[in-house]
Peer 1: 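I'd like to ask you about the structure that follows.
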Amino acid sequence: MPDTAPPAHIDALRDPLTNRGTAFTNTERERLGLVGWLPPRVETLGEQAARVLDNVRRRPTNIDRYACLSALQSDNETLFYRVVIDNLQEMLPLVYTPTVGQACQEWSRLYARPRGLYLTPEHRGRIAAILRGWPQRDIAVIVATDGGRILGLGDLGANGMGIPIGKLALYTACAGVAPSRCLPVTLDVGTDTAAVRGDRFYIGRCVPRLAGAAYDEFIEEFVSAVEQVFPGVLLQFEDFANANAFALLARYRERLCCLNDDIQGTGAMGLAGLTVASRSTGRPLREQRILFVGAGEACLGIGMAARSALRRDGLSDEQALARLLFVDSQGMVVSSRTDLPVHKRAFAQSREPLPDLTSTIEAFKPTVLFGACGQGGRFTQPVLEAMARSCERPVVFALSNPTAKAECTAEQAYAWTAGRAIFASGSPFDPVTLAGEVHAAGQANNSFIFPGVGLGVLVSRASRVTDSMFSAAAAALASEVGGDDVAVGRIYPPQNRMRDVARAVATAVAKVAYDEGLATATRPAGIPGEVERAMYRPEYAT
């Protein structure tokens, strides 16, 4: 029988973790049997990156650029991360928000090559065996989704795999977690979105979403398998529907090293923005009145972080609660409502409900307006004009992703408040010039938080992720916003400083892990140096 195994030189070109393409030296080509398989010119990594960058820029649309970068990531991870890290401001919106939203919507059509694991209820009884089959053993971070609430787009089922892949790309690009140590997972439990199930190209399970005890048992087997196969790994729950997200975090946070970025990461990101906004306006946090439009994971996560910070500032529980008002799809979150789930009841106020958002602003007189409701254009001109009447420098966060779901644009926020607003958004917006003054919107993105939190956990080998770690991460992020940023109205750093931010966040998180006795690594003489040494840099090994 002929030998049908692929020759070794094919493996050398197929493995994206080791493939160098045209950068294989002549000596390597001889040793690996690649002579004749590559063009004769031997290129440097920098030369390859320049060609890729030119190629990406010539693509006509962002989704085409996303597809180009995705193909590169599947071919040569070192080159992919060299391009992304050297051009963070330009590349991050392509590999993650806002472009990843469209990528998820079109995932079944864009699908070209396996990446990550798709686990289904049919795999019950052998999930651990499937995890053991993953080729890399030193996995440090798993990002898992069930596709239940992808960005502001809803239940996309298996099409949500773009989110774990994108999040892990940020772990590597921003915080230097080596790509070989990252594992994206989609838990395909079906989808209740008829349009997704009805798509003839849909690659997931065309069944209604699993629920109840069967869902819980499937998740439990997955978590147990993770503990067994990858002990000590950081497990990030991502884009689960609200009820499941809060329940899973409560169930597992004391059992293993896990986090929910939509709740805790968003909370820390929002708290950092509030901290800088307070510095910018001269109004301390304890004097802010914060109105949340949306009462899902994002807004409640920020509300939890803000409530804890207000308590640290000396306010009582009752005083802190009085400064945080939520509005969901059914109206104000007030104690007279009987339809509130547990995670919302903790923030219900004893107030008379009001009929609309504008009247709520006029009555509550907020100084800060958060939006994470997934309704594009929710912050109308009357809403923002009411905010401008409520205080001199209103702070407006339009957090919903992708861009089409943003509650308002940067231009609207500045124009409808006569240029007095401090504005931040989940998706990037260009600077706005109004009456000769340039206003630079900050991008309020969790990528300022979770990559650094993960790196700090990995450096310290923390056994748990705690609320105090996220508080420290928020403080570290706020400290990275300089006077020049504040002068143009920016309350988050520009994205080209992501790796600096991740170093600061990781250092702060690791310090908490050591101080709280949660670290299993020996405390180093210098935590910043240990963080720096742990960060992956995309270079071809010599």
Side-chain angles (χ1 to χ4, degrees), residues 63 66-67 70-71 73-74 95-131 133-134 142-169 182-223 225-226 235-245 247-248 260-262 296-297 374 401-402 405:
I63 195 65
Y66 176 95
S70 180
Q73 187 180 16
S74 294
V95 301
Y96 201 63
T97 54
T99 310
V100 74
Q102 184 180 355
C104 286
Q105 290 175 306
E106 300 182 20
W107 193 257
S108 291
R109 285 170 166 75
L110 292 172
Y111 183 83
R113 179 173 175 174
R115 188 173 192 87
L117 292 176
Y118 292 81
L119 301 175
T120 76
E122 286 74 25
H123 296 143
R124 289 292 309 275
R126 54 189 179 126
I127 292 177
I130 294 172
L131 291 179
W134 188 251
I142 294 174
V143 176
T145 187
D146 73 349
R149 189 201 58 80
I150 298 299
L151 302 175
L153 301 169
D155 177 2
L156 298 185
N159 286 341
M161 179 54 115
I163 297 299
I165 291 172
K167 287 281 186 178
L168 287 168
C182 298
L183 174 57
V185 175
T186 285
L187 304 169
D188 184 359
V189 295
T191 174
D192 290 335
T193 303
V196 172
R197 292 207 310 265
D199 181 352
R200 67 190 181 101
F201 294 115
Y202 181 53
I203 59 176
R205 299 168 68 248
C206 294
V207 296
R209 181 168 284 273
L210 195 68
Y215 176 89
D216 291 339
E217 290 164 6
F218 173 61
I219 299 295
E220 171 61 27
E221 181 175 343
F222 166 67
V223 171
V226 166
L235 174 59
Q236 178 169 316
F237 295 106
E238 189 67 37
D239 282 7
F240 287 72
N242 289 341
N244 288 331
L248 293 176
N260 183 298
D261 180 50
D262 303 304
E297 295 156 66
N401 280 312
K405 298 288 186 178

Peer 1: Could R149 and D155 be called an ion pair, given the rule that one side-chain N must be under 4.0 Å from one carboxylate O?
Peer 2: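 No salt bridge links R149 with D155.
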Peer 1: After noting the C-alpha distance and the side-chain angles of V100 and W107, does the key distance pass the side chain to side chain contact (heavy atoms under 4.5 Å, CB included) rule?
Peer 2: CA-CA 10 Å; V100 74; W107 193 257; over 6 Å; no
Peer 1: How far apart are the closest heavy atoms of P184 and L168, and which atoms are they?
Peer 2: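 Taking P184 first and L168 second, the nearest heavy atoms are N-CD1, 3.3 Å.
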Peer 1: Does any part of the side chain of D146, heavy atoms only, come nearer than 4.5 Å to the side chain of Y215, both counted from C-beta?
Peer 2: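 Yes; the side chains approach each other to less than 4.5 Å.
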Peer 1: With a 4.5 Å heavy-atom cut-off, do L119 and V185 have their side chains touching?
Peer 2: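 The answer is yes, as the side chains (C-beta and beyond) meet within the 4.5 Å cut-off.
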Peer 1: Of all the heavy-atom pairs spanning K167 and E238, show the shortest one and how long it is.
Peer 2: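 Taking every non-hydrogen atom into account, CE-OE2, 3.0 Å.
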Peer 1: Could you tell me whether a side-chain N or O of D192 sits under 3.5 Å from a main-chain N or O of R209, the two making a donor and an acceptor?
Peer 2: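 Confirmed, D192 side chain pairs with R209 backbone.
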Peer 1: Find out whether E221 and H123 are in side-chain contact, i.e. whether some heavy atom of one side chain is under 4.5 Å from a heavy atom of the other.
Peer 2: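 Side chain of E221 against side chain of H123, heavy atoms only: no contact under 4.5 Å found.
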Peer 1: Centroid separation under 6.0 Å, is that true for the rings of F237 and F240?
Peer 2: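 Yes: the rings meet the under 6.0 Å criterion.
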Peer 1: Just wondering, do P402 and L153 contact through their side chains at under 4.5 Å, heavy atoms?
Peer 2: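 A side-chain contact under 4.5 Å exists here.
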Peer 1: Out of curiosity, D199 CG to N159 CG, how far, rounded to the nearest 0.5 Å?
Peer 2: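 It comes to 7.5 Å.
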Peer 1: Measuring from C182:SG to I165:CD1, what's the distance to the nearest 0.5 Å?
Peer 2: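 Those atoms lie 11.5 Å apart.
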Peer 1: Within the structure provided, determine whether L151 and C104 are in side-chain contact (heavy-atom separation under 4.5 Å).
Peer 2: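 Counting from C-beta outward, L151 and C104 never come under 4.5 Å.
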Peer 1: Shortest non-hydrogen contact from Y202 to S108?
Peer 2: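 The pair with the smallest heavy-atom distance is CA-OG, 3.3 Å.
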Peer 1: For N242 and E297, work out which heavy atoms get closest and say how close.
Peer 2: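 Nearest pair, atom of N242 first, then E297: OD1-OE2, 2.8 Å.
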Peer 1: Could you state the interatomic distance from CZ (R205) to CD (E122), rounded to the nearest 0.5 Å?
Peer 2: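 Separation between the atoms: 4.0 Å.
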Peer 1: Taking the side chain as every heavy atom from C-beta outward, state whether Q236 and I142 have any pair of such atoms under 4.5 Å apart.
Peer 2: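 With C-beta onward as the side chain, the pair stays apart.
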Peer 1: To the nearest 0.5 angstrom, please state how far the CD1 atom of I203 sits from the OH atom of Y111.
Peer 2: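 Taking CD1 in I203 and OH in Y111, the distance rounds to 6.0 Å.
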Peer 1: At their closest point, which heavy atom of A245 faces which heavy atom of N260, and how far apart are they?
Peer 2: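 So the minimum-distance heavy-atom pair works out to CB-ND2, 3.6 Å.
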Peer 1: Given the rule in the side chain to side chain contact (heavy atoms under 4.5 Å, CB included) test, do W134 and L183 qualify, once you have shown the distances and angles that lead to the verdict?
Peer 2: CA-CA 9 Å; W134 188 251; L183 174 57; 3.5 Å; yes
Peer 1: Looking at every non-hydrogen atom in both residues, tell me the closest pair between A158 and D188 and how far apart they are.
Peer 2: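 The pair with the smallest heavy-atom distance is CB-OD2, 3.8 Å.
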Peer 1: Can you find a pair of side-chain heavy atoms, one from T193 and one from L156, that are under 4.5 Å apart?
Peer 2: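 Not in contact.
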Peer 1: Measure the CZ-OG distance between R113 and S70 for me, rounded to the nearest 0.5 Å.
Peer 2: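 Going from the CZ atom of R113 to the OG atom of S70 covers 10.0 Å.
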Peer 1: Could you give the distance from CZ (F218) to CG (L187), rounded to the nearest 0.5 Å?
Peer 2: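 Between atom CZ of F218 and atom CG of L187 there are 5.0 Å.
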Peer 1: Compare all side-chain heavy atoms of M161 with those of T145 and state whether any distance is below 4.5 angstrom.
Peer 2: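 M161 does not reach T145 side chain to side chain.
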